[in-house]
Every structure is written in C-alpha cells, then in structure tokens.
4 protein chains.
Amino acid sequence: MADGTVAADQLRLFIERIERLEEEKKGIADDIRDVYAESKSNGYDTKTMRAMVRLRKMEIHTRQEADALLETYRIALGLS
Amino acid sequence: MADGTVAADQLRLFIERIERLEEEKKGIADDIRDVYAESKSNGYDTKTMRAMVRLRKMEIHTRQEADALLETYRIALGLS
Amino acid sequence: MADGTVAADQLRLFIERIERLEEEKKGIADDIRDVYAESKSNGYDTKTMRAMVRLRKMEIHTRQEADALLETYRIALGLS
Amino acid sequence: MADGTVAADQLRLFIERIERLEEEKKGIADDIRDVYAESKSNGYDTKTMRAMVRLRKMEIHTRQEADALLETYRIALGLS
DNA sequence: ACGTTTGCGCTTTAGC
DNA sequence: GCTAAAGCGCAAACGT
C-alpha cells in the first residue's frame with residue numbers, strides 16, 4: 001500500500017470523525033430548539049428565555065474571571 | 001404552594017435543561033477543535049480540511065434542495 | 001471650529017451615508033417583492049420560484065467553493 | 001411557438017429580473033460594509049455606529065407611528 | 001498578541 | 001399565528 005493511500009485514508013478518517021461530531025452537535029442544537037418549543041407551549045416567552053440564558057452565561061463568565069483573578073493573586077502572594 | 005412558585009420552578013427547570021444541553025453542545029464543539037488540531041499535527045492543513053467539510057455539506061444540501069424542487073414540480077404538474 | 005465638532009460632523013456624515021444606502025437597499029428589496037407579486041399574478045407559484053432562485057445561487061456558490069478548494073490544493077502541492 | 005415555450009421564456013425573464021435585483025442589493029450591502037470599514041479606519045467604533053443607526057431607525061419609526069396616530073385623530077375629529 | 005476575515009447562531013421578517 | 005428563510009451581529013479562527 002502506497003503512502004499516498006495511507007495518507008488519503010487517514011485524512012478521510014479525520015473528515016468523517018469531524019462530520020460525525022458535527023451531526024451530534026446538530027442533534028443537540030435541535031434538542032435545544034425542542035425545549036424552547038416546549039417552553040413556549042407552556043406559556044413562556046422564548047425571546048425572554050433566551051435573554052435569561054444569555055444573562056446567566058455572562059454572569060457565570062464574570063464570576064469565573066473573578067475567581068481566576070483571585071487565584072492569580074493567591075499564587076502571586078504565595079498563599080496556600 | 002402557590003401557582004407562582006410552581007410556574008417559577010417549571011421555568012427554572014426549562015432553563016436548566018437548556019443550559020445542560022448547551023454545555024453538551026460546547027463539549028462537542030471542543031471535540032471538533034481537537035480533531036482539527038490532531039489533523040494539523042499529522043501534517044494536514046486545517047483551512048483546506050474545513051473547506052472540504054463545508055463543500056461536502058453544501059453538496060448534500062444542494063442535492064436535497066434539487067430533489068425537493070423536483071418534487072414540487074411533480075406535484076404542481078399533477079404527476080404521480 | 002473645535003476638533004470635537006469636526007469629528008462629530010464626520011461621524012454624522014458616515015451615519016447619513018449608511019442610512020442613505022440602507023434606504024436604497026430597502027428599495028431594491030421592495031422591487032424584488034414586486035417582481036414576485038407580478039409573477040404570481042401571471043400564474044407562477046412564488047414558493048417554487050424562490051426555490052429556483054435559491055437553488056441556482058447555491059449551485060453557483062458550490063461551484064465557486066469547489067474551484068477555491070482546487071486552487072488551495074494546487075498551491076499546497078506547489079503546482080504552478 | 002408553443003405556449004409551453006412562451007411560458008418558459010416568461011418565467012425565465014422573471015427569474016433573471018429577480019437575480020439582477022438581488023445582485024444590486026448585494027452591491028449596496030457591500031457598499032455599506034465599505035462605509036463601516038472607512039469609518040473604522042477613521043477611528044470610529046463599528047459596533048457603536050451600528051447601534052446608532054439602529055436607534056435612529058427605531059426613533060424614526062416611533063415618530064412615524066406617532067404621526068400616523070395624530071393623523072387618524074385629525075381625520076376622526078373632522079379637522080383640516 | 002492583534003487585527004482582519006470568515007463562519008455560525010440568532011433575530012427578524014415574509015409567506016402560508 | 002406559525003413555520004421557514006433571509007439578514008444581521010457576534011465570536012472564533014486565521015494570518016501577520
């Protein structure tokens with residue numbers, strides 16, 4: 001078997017792994033859509049819910065940055 | 001327990017389900033990044049690989065659209 | 001005349017140019033709507049027409065992507 | 001010349017008119033991108049400018065609605 | 001590391 | 001009113 005073929009097979013495998021993962025990602029995205037739809041059928045406003053999710057994510061992110069900063073200080077000061 | 005509380009609990013559950021799914025989606029996206037990185041370390045060009053994946057997806061999509069259009073024609077013309 | 005005023009004038013001009021262009025764009029979009037409406041009054045199915053336009057655009061795009069990918073290969077392989 | 005051919009020609013003309021208009025629309029959109037780019041190279045923040053354009057559009061829209069309401073009242077009250 | 005550019009997701013809008 | 005598609009904004013990714 002020539003190297004070219006081996007390389008082609010390896011490349012093909014990488015591509016297929018990526019495509020498989022992208023399908024999974026698509027599936028999760030569809031699940032998220034379904035939850036929003038279910039929420040809507042229960043009387044909740046989708047746009048507002050998306051805003052809530054976005055806001056919570058930002059808050060988590062902000063909190064993590066604050067924690068990282070504290071950790072940096074802790075190490076810099078040689079604290080356990 | 002008041003209705004308001006029940007509703008709040010239900011909303012919270014929906015939000016948490018969405019956040020859980022978004023974490024999963026993020027995980028898959030990270031996996032995809034890893035595969036591209038692994039491919040790169042095996043000598044493949046990331047940009048080219050992304051183009052290949054994108055092209056394959058587009059071709060599938062174009063084919064599906066073409067099929068749907070033919071079906072539309074078929075129905076419009078009253079063919080079985 | 002202070003620099004602040006000059007800057008404000010320049011910014012205002014940029015904003016107005018954008019707004020003018022967006023009006024033009026809106027006008028074109030309205031023209032497109034009109035053509036679809038005229039087509040419909042001539043007995044053509046709007047949905048099918050939109051699908052045709054979309055499909056033709058996708059095919060052109062797919063072709064261009066394929067060409068670009070070939071070019072990428074060519075360069076990667078050091079071919080003239 | 002058969003009716004089928006005439007119809008096909010007419011349809012083709014409609015499609016081509018639409019495609020021509022969509023190209024024009026694309027051109028305008030590109031021009032808008034250029035103005036934002038030029039603004040950026042002059043030191044203005046693109047994101048902020050987009051927010052300004054959006055806000056002004058909303059205000060114009062709000063103003064128009066208010067005017068329309070006033071006009072409705074005027075007519076309802078038989079005022080000149 | 002930064003700035004640019006491209007792809008992806010969301011929002012909004014149009015059609016049924 | 002709801003579904004689907006087009007347009008827009010953002011964010012990651014590439015190149016410098």
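Numbers restart at 1 for each chain; the letters A, B, ... are given by sequence-line order, proteins then strands.
Distance, A/Met52 CE to E/dC10 P: 17 Å, rounded to whole Å. Going from atom NE2 of C/His61 over to atom P of F/dA5 covers 18 Å, rounded to whole Å. Rounded to a whole Å, the CD atom of C/Glu22 is 13 Å from the C1' atom of F/dG9. For the pair B/Asp45 CG and F/dG15 C1', the interatomic distance rounds to 12 Å; values are reported in whole Å. In this structure, D/Tyr36 atom OH and F/dG9 atom P are separated by 7 Å, rounded to whole Å.
Residue C/Lys40 places at least one side-chain N or O under 4.0 Å from the OP1 or OP2 atom of E/dC16. Applying the 4.0 Å criterion to OP1 and OP2 of E/dT12, one finds that A/Lys47 has a side-chain N or O inside that range. Close to F/dA6, at under 4.0 Å from its OP1 or OP2, lies a side-chain N or O of C/Arg54. The side chain of C/Lys25 places an N or O atom within less than 4.0 Å of a non-bridging phosphate oxygen (OP1 or OP2) of F/dC8.
Positionally, the nearest nucleotide of DNA chain E for D/Arg33 lies more toward the 5' end than for the other of A/Arg50 and D/Arg33.
Here D/Tyr36 contributes atom OH and C/Ile18 contributes atom CD1; the two are 4.0 Å apart, rounded to the nearest 0.5 Å. We find the CE-CZ distance between B/Met49 and A/Phe14 to be 7.0 Å, quoted to the nearest 0.5 Å. Note: B/Lys26 NZ to B/Asp31 CG = 10.5 Å, rounded to the nearest 0.5 Å. If you take CZ on A/Arg33 and NZ on A/Lys40, they are separated by 10.5 Å, rounding to the nearest 0.5 Å.
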